[in-house]
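Take a look at the structure below.
Every number for a ligand or one of its atoms is a count from 1 in the order of the listing.
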Amino acid sequence: MGKNLDALLKEERIFKPDEELVSNSNIKQWMDMHGIKNYDELLEKSAANPEWFWDEMARDLVWFEDYNEVLEWKAPHASWFLDGKFNIAYNALDRHIKSGRKNKLAYIWESEKGEVRKFTYFELYREVNRLANALKKMGIKKGDRVSIYLPMIPELPIAMLACARIGAVHSVVFSGFWAKAFQERAKDAQSKVAITADGFYRRGKLLKLKDTLDEVMEHIPSLEKVVVVKNTHCDLDMKKGRDVYWEEVIQNESMECSCEEMDSEDPLFILYTSGTTGKPKGVLHTHGGYAVGASTTLKFVFDIKDQDIWWCAADIGWITGHSYIVYAPLILGATSVMFEGTPDYPDPGRFWEIIEKYGVSIFYTAPTTIRLFMKYGEKWPQKYNMNTLRILGSVGEPINPEAWMWYHQHIGNRKCPIMDTWWQTETGMHLITPLPITPLKPGSAVKPFPTIKAEIKDDEGNTLTKGGGHLVIKNPWPAMFRTLFGEPERYVESYWSKFPDTYLSGDVARLDQDGYYWIQGREDDVLNVAGHRISTAEVESALVSHPSVVESAVVGKPDLLKGEEISAFVVLGEEYQADPQLKNELRDHVRKEIGPIASPSYIGFVDDLPKTRSGKIMRRVIKAKVKSEDVGDTSTLANPESVDALDRAI
Ligand code: 6R9
């Protein structure tokens, strides 16, 4: 059995990086500077002396006052760049204003409707300063929390940077969340000010954000002021004395605002992420270490150069957007595309049109988006000239080899390497990831980033060299979260108590014979069928490798005999019919790919799977349906209608 399971994920194909890309890469150039000959030596040298590596990286940033020590590690509490005085906003803006990048584009923004706004570093700097001054006037001081509830419009990064500049702690709440989710987060953070917009368009439909916020305002006693961006100019109620328009508050503000000198370890932001149960976790990040970790990974993993056009197609409401749309690209002085809309609106060519239009050279998206495009077919990307692309990226969930190959062939024109980056809200930066110099295997996130000591452990804490187990990190890294806001015990308990002084990621992974990591999904996504540990990702991957299946979600259904039975929900390609014959064929297919044990007892055809706004399949909801239990809170679902469809399929 174990052998069969291994077979599926033992992807044989290896993609060697292009020679020219390797020799010109930032990482290779850095290695040459330090006499490091190859990837193995890079990993060895950096692991032997992480503080040397990160000290080198931190030197690229501007410190108001130098740090005295790179790291103090009192497990599970790390402090990075001790006593250094720093501000991430200064590094994202001011230092470029003083350099040749002053008039370089920081953002090219496109709205869902196709409206375009462009900001140079200088323009962005001025907008940030004006809002920073306005926030100060509202009484916001260093350490105060500000909740930001904005769609993907330029005011979102501006608001984040304005907070950072004056030392306020931002807490961005994804604009697709509903009122209750905002309430819970803003209340927990005890925010004094909220920054929102009248509304925004999603697939042509007006969504009134300020109205949503009004519904719960009375339950957030700490909120004193609401700043509202006139984005759609829709009607809204402005409460006198409390609500103010962004445009009005910045009108008379100076374009200069001095930057608060922060301690390297001072908090920068809180970002809430869902725990397995109950209350969301307020993941807290700091100025210094986060800046160094996020910018270094972007520079080395995605090889950002001055002439690149970088597009991270995530939402800023998630960590991917925080790190790789806002902070890291700005610190590196890059030009980023920022897109407000959805990938397939008004048609499935929208993303590829943007790549062609702006000559995007590096593109970063999620496997769920790739699978969506697989469903529409390659005729869509084929309509556009995407020759400018040189590197692709994937994040958010395991990318199954079929999706990887499709991405590589149809988007990357068989020449772009795919950086499958494994990381989390908590980690702040990529931790397991390829580099442009590493050979790739479709579906593997390759190896830990330099200095990162990852391991796979069994329940007893033994280190495994084969088979699946808990993915853990043994040493601190600069962009790691420092605590859970207001819940220091939960920080220790959730992440650091299973194994001593070791970070428990909550993911299951396995190593192959070459030391490559294969992330299999969340621990809670692992099934136990008749004593065999089967990852939902493996069964899903097998299903998707059948030509008819575009996407699938697999959950366990309690069974007296086997412990769990496998239930699979699949989305078929447009040209396939949902019929019983096909169900049998799919069962056979999984049997052949993995083994009889993994063959689903139940298969249901659906049009769509329940997903979070960040595109993660919500197995919890599917599981509850399968068990005929209450589905619980579905406020974070992007497509609530998919839940009823499950009922029909069951
Ligand atoms: C960045 C982000 C974190 C969880 C993580 C894991 C999954 C992210 C992945 C991946 C396989 C990858 N995940 N990247 N799984 N391969 N390349 O997504 O943060 O929203 O906190 O989610 O996402 O399960 O534990 P976050």
Under 4.0 Å between a Lys/Arg side-chain N and an Asp/Glu carboxylate O for [X] and [Y]?
X: Asp308; Y: Arg390; result: yes
X: Lys281; Y: Glu487; result: no
X: Arg371; Y: Glu540; result: no

Notebook entry, point to check: Side chains of Ser323 and Tyr290: is there a donor and an acceptor less than 3.5 Å apart?
Noted result: yes

Margin query: Using salt bridge (charged side-chain N to carboxylate O under 4.0 Å, His left out), reason through Lys474 and Asp501 one step at a time and then give a plain yes or no.
Written below: CA-CA 7 Å; Lys474 301 281 295 174; Asp501 301 349; over 6 Å; no

Checklist line | With Pro398 via side-chain contact (heavy atoms from CB on, under 4.5 Å) - residues at least two apart | finding: Ala537

Next item on the list: List, ordered by chain and residue number, the protein residues whose closest non-hydrogen atom lies under 4.0 Å from any atom of ligand 1.
Entry: Ile319, Thr320, Val395, Gly396, Glu397, Pro398, Asp420, Thr421, Trp422, Trp423, Gln424, Thr425, Asp507, Ile519, Arg522, Lys616

